[in-house]
2 protein chains.
Amino acid sequence: MTQDLRKPLDGIRVVDLTRVLSGPFCSMLLGDMGAEVIKVEPPEGGDPVRQQGGMQDGLSWYFASFNRNKKSVTLNLRDAGDMALLRQLIEGADVLVENYRPGVLDKMGLDATTLEQLNPRLVTCSINGFGSSGPYADRPAFDFITQAMSGFMSVNGGADQPPLRSGQPITDLLAGLYAAYGAVNALRARELNGRGQQVESAMMNGILSFMAYLASEHLLTGEIPARTGNDHPLVAPYGLFRARDGEVAVAASNDMVLRRFMRCLELEHLLEDPRFDENAKRTARRNELNTLIDGRMVQDTQAAWIERLNAAGVPSGRVQNLAEALRDPQVMAQEMVIDVPHPGRGAVRMLGFPVKLSETPCEAHLPAPELGQHNDEILGPLRGLQGQS
Amino acid sequence: MTQDLRKPLDGIRVVDLTRVLSGPFCSMLLGDMGAEVIKVEPPEGGDPVRQQGGMQDGLSWYFASFNRNKKSVTLNLRDAGDMALLRQLIEGADVLVENYRPGVLDKMGLDATTLEQLNPRLVTCSINGFGSSGPYADRPAFDFITQAMSGFMSVNGGADQPPLRSGQPITDLLAGLYAAYGAVNALRARELNGRGQQVESAMMNGILSFMAYLASEHLLTGEIPARTGNDHPLVAPYGLFRARDGEVAVAASNDMVLRRFMRCLELEHLLEDPRFDENAKRTARRNELNTLIDGRMVQDTQAAWIERLNAAGVPSGRVQNLAEALRDPQVMAQEMVIDVPHPGRGAVRMLGFPVKLSETPCEAHLPAPELGQHNDEILGPLRGLQGQS
């Protein structure tokens, strides 16, 4: 029965001018939901990621994993004839995604007015570093720079350590995810209003939006949040504790969980101890409290504590490296690692789909395309039209 | 003209059973796009975040910033009469959002079959820690634990430092954002297929999806990515460099940018130097190269370098703390800090909208609600119906 249902973005055609990371992540998210994504690449080499990272049989697994569910056409955007083809593609598209620096699309002759004339129902989705207005609109951007400027690095790191970037390319990916959210919303607005609009997602704005309660507290009090390593600034006990054979991450997130935790440790009496009977005292005497907890934790193994604590309703687990995480039985059960067959190149193993839909699940219906693989299918009919006109 | 256009989620009613962070973030994102969000809270105290963080005139700014664009009704979900009202609410809703542990909704009598009978067009959006199937489905979850288990912490931190959590509650927020993306897609699938479905977003799956090229490389080679601090594992020069009066973040992300950077430094000859003429050599001799770069950078100020480098097309900026970031002229120009008037409580300053839509921009059309503020408006008509039946 699921077979007969249409995917959320079935019937939506996306013209994808993006490269590298933030933009291809956005268009992949749209493709995963069933959109037809047409990746437009320069004829010489295509998206630079095709040549980046580890290769198997000439295929970059980094490229393969960010470009599933897409078709590839090659166009030389410095050539008038190819630009005419691009305009035809845009006339028939629902969404245009681009991650050029602001102004580049205009210089290519695809300013907002022209795009609206070509296709009033078009949703144009732009991903950039700082947004297309404001003093830094023209600056080149890169994940690391927006991590630095946004305040992210100022709160990431140990208390006595320098500001630290995230190990993940977080501002690229967030900008891509927000762009996909914006694009699907703009498609819905189009159904209500009969016309498209411009969607913009900037790396700096996306990562700022994740400042959450750190921003609320700062805006109210003026206090500047500090780096606190693995300590939660407002909650204790919280962090990594030492079992006999390794560390256990525990978060006693509220009073109920705290009581369960202390009961498991047979340290419930500490909650009546005048040194620890309020959260403010526990955070102030964090080291003293952690030492008492470690004294109990060391009496049993990591695995035993994790099972016991979770059974008692205390969130806990261990720090896993990426190899351990990707073969974790829960991660396997959630199909967060999938094998996508690439004809002639074997299967590529990649991350699965983070959003689960019960009736129209995301699928890898297309492997990442060869450069220009869909030129005939997509551009052929347009060339026919050009010949006739 | 914009005034007459309908917002993307205009006409969509969301029943919101969530509390604290991941779920309220999801429903806020839906409200920002124009959905009518009805936050269902327990009569005694409501969402615990109402009592968390700094307060002004009795209002938590943390609560205010995550609950804009929502209405509040109070229902005691242990009371049969109130549960009947909730079922009526669900009958008239488009989306139900919940962030209980898997199975809790079932125990409340709202299993998937019952929900489908109540409202076949309902999109049920569930946010949880590990997903509703698999060996950890029943475990309690918390941001810190999924950061530890997902591999995030294993790649976040200095090379000689322990695994480190993110300073932002990243897995909560990512799960909320993916859930919102899933919900809007499911609404579109409903238009195509005539019926709702279940959407699920797990904190663990969301953060895993951000492993990006780290996962691709690991899955291809079996190598386990390490913590590298502010060094990019594959690119040099990249990092924080020492100008006369402070550090400058620079990312020489590709060969073209690298050449521009070295030209600005008047060190272009190093690219012909046999020690540094390939990226592999530069990453291997990273410290030696960085010392040469620092030797030039120290000759001028942070501000001068940032202006010069950006003008030359080299992404660069400085590490800002949250106070500096939120008063940055670019951040102000992008309206990423907004003031939302709360009647009787003054204005609450909070983060703005990360997705910019040109024709139907996100707006704070409602301040965060008082507990039960919309009982009469929302529940009154339902009580009337109950009286009649």
Side-chain angles (χ1 to χ4, degrees), chain A residues 5-6 8 33 54 61-62 65 131 134-136 139-140 142 144-145 148-149 151 154-156 163 167-168 173 178 181-182 184-185 188-189 192-193 197-198 200 205-206 209-210 213 216 218-220 224 249 251 310 315 317 319 321-323 325 329-330 333-334 349 354-356 358-360, chain B residues 5-6 8 33 54 61-62 65 131 134-136 139-140 142 144-145 148-149 151 154-156 163 167-168 173 178 181-182 184-185 188-189 192-193 197-198 200 205-206 209-210 213 216 218-220 224 249 251 310 315 317 319 321-323 325 329-330 333-334 349 354-356 358-360:
Chain A
L5 293 175
R6 294 176 66 189
M33 290 292 177
W61 279 34
Y62 172 17
S65 72
Y136 309 160
R139 285 193 183 184
F142 198 74
F144 180 56
I145 309 306
M149 295 173 68
S154 78
V155 295
N156 194 49
Q168 299 182 329
L173 297 172
Y178 269 124
Y181 181 63
V184 178
N185 274 287
R188 194 179 148 83
L192 300 175
N193 301 313
Q197 61 180 312
Q198 291 134 48
E200 190 169 282
N205 295 345
S209 78
F210 270 37
Y213 47 74
S216 308
H218 166 70
L219 290 168
L220 178 61
I224 296 170
N310 278 308
V319 177
N321 66 34
L322 191 53
Q330 181 67 22
Q334 288 285 308
R349 187 159 284 188
V355 180
K356 311 297 187 191
S358 62
E359 304 300 311
T360 62
Chain B
L5 294 175
R6 294 176 66 188
M33 289 294 177
W61 278 34
Y62 172 16
S65 72
Y136 309 161
R139 285 193 183 184
F142 198 74
F144 180 56
I145 309 304
M149 294 174 67
S154 78
V155 297
N156 194 49
Q168 299 182 329
L173 298 172
Y178 269 125
Y181 181 62
V184 179
N185 274 287
R188 193 179 147 83
L192 300 175
N193 301 312
Q197 60 180 310
Q198 290 134 47
E200 189 170 284
N205 295 344
S209 79
F210 270 37
Y213 48 73
S216 308
H218 166 69
L219 290 168
L220 178 61
I224 296 169
N310 278 309
V319 176
N321 66 33
L322 191 54
Q330 182 67 22
Q334 288 285 308
R349 186 159 284 188
V355 180
K356 309 297 186 188
S358 62
E359 303 300 310
T360 61

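Proteins get letters first, then strands, A, B, ... in listed order; numbering begins at 1 in each. FYI, side chains are in, hydrogens and waters are out, and symmetry mates aren't considered; it's all heavy atoms of this structure.
Taking each heavy atom of A/Tyr62 and B/Ser216 in turn, the nearest pair found is CA-OG, 3.6 Å. Considering all non-hydrogen atoms of both residues, A/Gln197 and B/Glu359 come closest at OE1-N, 2.7 Å. Between A/Leu322 and B/His218, the shortest heavy-atom contact is CD2-CB, 4.1 Å. Minimum heavy-atom separation, B/Ala189 to A/Arg6: CB-O, 4.3 Å.
Heavy-atom distances place both the backbone and the side chain of A/Leu173 under 4.5 Å from chain B. The contact between B/Ser209 and chain A is made by backbone and side chain atoms together, counting heavy-atom distances below 4.5 Å. Contacts of B/Ile224 with chain A are made by side-chain atoms alone, with heavy-atom separations under 4.5 Å and no backbone atom involved.
If you tally non-hydrogen atom pairs under 4.5 Å between each of B/Val355, B/Val184, B/Asn185 and chain A, the highest count goes to B/Asn185. Among the candidates B/Ala323, B/Ala333, B/Gly317, B/Gly206, the residue making the largest number of heavy-atom pairs closer than 4.5 Å to chain A is B/Ala323. Per-residue counts of heavy-atom pairs under 4.5 Å with chain B were compared for A/Gln330, A/Met149, A/Lys356; the largest is that of A/Gln330. Interface remark: of the candidates B/Leu192, B/Val319, B/Val155, B/Asn310, B/Asn310 forms the most heavy-atom pairs closer than 4.5 Å to chain A. Of the listed residues (A/Gly131, A/Ala325, A/Pro354, A/Gly54), the one with the most heavy-atom contacts under 4.5 Å to chain B is A/Pro354. Chosen from B/Tyr213, B/Phe142, B/Phe210, the residue pairing most often with chain A at heavy-atom distances under 4.5 Å is B/Phe210. Most heavy-atom pairs under 4.5 Å with chain B, from the set A/Gly167, A/Pro8, A/Ser154, A/Gly182: that is A/Pro8. Options A/Gln168, A/Arg188, A/Glu200 differ in how many heavy-atom pairs under 4.5 Å they form with chain B, and the most are formed by A/Gln168. The greatest number of non-hydrogen atom pairs below 4.5 Å with chain A, out of B/Pro163, B/Gly151, B/Pro135, is found for B/Pro135.
Put simply, CG on A/Asn156 and CG on B/Asn156 are 4.5 Å apart, with the number rounded to the nearest 0.5 Å. In this structure, CG in A/Leu5 is found 7.0 Å from OG1 in A/Thr360, a value given to the nearest 0.5 Å.
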